[in-house]
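Everything below concerns the one structure shown next.
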Amino acid sequence: MNTRWHFYCEGAYDCMNARLYRWRIPGQDVRNLTRIFYAGVFDCGLPQHTGLISERAYDNILHGKKVTHDHYLSPQFIARMIYDNPEKYLNDYDTFTDIFWKSTATVKLTKDENDILSKLTVNDSFDLKVLVPTDKKYDHVGIKLLRYHKTSKRQSWKDVSVKSVNNDELYFPPELLEYEKQYLVEKGDA
């Protein structure tokens, strides 16, 4: 397993603490601040594969097409939760490390599936709208998951056994689901 993720976690922790004083200042670039966490999660090397792939992504792989890794917990949104709760996440490195690690979890999807999911959040600086709760997004867009196990990177996908699983195989931190409620909008409100 890739152990360098700790360096990225520590860097994100330090940078977010250093920039915390800028959070919620009118006119501040929110994207710039939330990308600190996102970049750490993304750049650390995808250490936590869930072993899940969408049916469409599996079919793409079998046909030689590329797939992408979806950070299904949306690290950039988690960064907002961290900034809004610094006493919990930015005063306790172990708590920060836990949410950072959880944020690295990925699911293999097609690029189209990933693009559709990205449209379920409307982000205009602080005016954020979440159209579908995080734990309902895959069901909402019709993503069906398969669990797979590869014994090596060289193992052919044609030889990998897959099993259909429910989307509740994914873990959703309760504090994240609670936090995002303030941004949820009714379909007509978006």
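All values reported here derive from a predicted model rather than from experimental measurement.
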How close do [X] and [Y] get, counting heavy atoms only, and between which atoms?
| X | Y | value |
| --- | --- | --- |
| Leu184 | Val132 | CD2-C, 4.0 Å |
| Pro75 | Val41 | CG-CG1, 3.8 Å |
| Tyr89 | Glu175 | OH-CG, 3.1 Å |
| Lys102 | Leu73 | O-CD1, 3.3 Å |
| Ala79 | Phe37 | CB-CB, 3.7 Å |
| Phe96 | Cys9 | CE2-O, 3.4 Å |

Look at Arg24 together with Asp84 and state whether they make a salt bridge at an N to O cut-off of under 4.0 Å.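 Counted as a salt bridge, because a side-chain N and a carboxylate O are separated by less than 4.0 Å.
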
Whether the side chain of [X] engages the backbone of [Y] through a donor-acceptor N/O pair (distance < 3.5 Å, no angle test) should be reported.
| X | Y | answer |
| --- | --- | --- |
| Tyr138 | Lys144 | no |
| Glu113 | Ser54 | no |
| His63 | Asp59 | yes |
| Arg147 | Thr50 | yes |
| Lys129 | Val122 | no |
| Asn60 | Lys65 | no |
| Thr34 | Arg31 | yes |
| Tyr83 | Leu33 | yes |

Measuring only between side-chain heavy atoms, which start at C-beta, is [X] closer than 4.5 Å to [Y]?
| X | Y | result |
| --- | --- | --- |
| Pro133 | His140 | no |
| Asn32 | Arg22 | no |
| Trp23 | Met16 | no |
| Ile99 | Met81 | yes |
| Val107 | Ile143 | no |
| His71 | Gln76 | no |
| Val30 | Leu128 | no |
| Thr121 | Ser74 | no |

So, taking the atom named [atom1] in [X] and the one named [atom2] in [Y], what distance separates them when rounded to the nearest 0.5 Å?
| X | Y | atom1 | atom2 | result |
| --- | --- | --- | --- | --- |
| Asp139 | Leu145 | CG | CG | 8.5 Å |
| Ile36 | Asn17 | CD1 | CG | 10.0 Å |
| Leu131 | Lys119 | CG | NZ | 12.0 Å |
| Ile61 | Ser156 | CD1 | OG | 10.5 Å |
| His69 | Thr104 | NE2 | OG1 | 12.0 Å |
| Lys150 | Ser161 | NZ | OG | 12.0 Å |

May I ask whether [X] and [Y] are part of the same hydrophobic cluster, defined by side-chain heavy atoms of I, L, V, M, F, W, Y residues being less than 4.5 angstrom apart, directly or through others?
| X | Y | value |
| --- | --- | --- |
| Tyr171 | Tyr148 | no |
| Leu117 | Val67 | no |
| Leu52 | Trp157 | no |
| Leu109 | Leu146 | no |
| Leu170 | Tyr58 | no |

Please find out if less than 6.0 Å separates the ring center of Phe172 from that of Tyr72.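 Centroid distance Phe172-Tyr72: below 6.0 Å, so yes.
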
Answer yes if the ring centres of Phe77 and Tyr183 are under 6.0 angstrom apart, and no otherwise.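 Yes, the ring centres sit under 6.0 Å apart.
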
Single hit among Thr97, Asp98, Asp92 for side chain to side chain donor-acceptor pair (under 3.5 Å) with Thr95: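 Checked Thr97, Asp98, Asp92 against Thr95; only one passes side chain to side chain donor-acceptor pair (under 3.5 Å): Asp92.
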
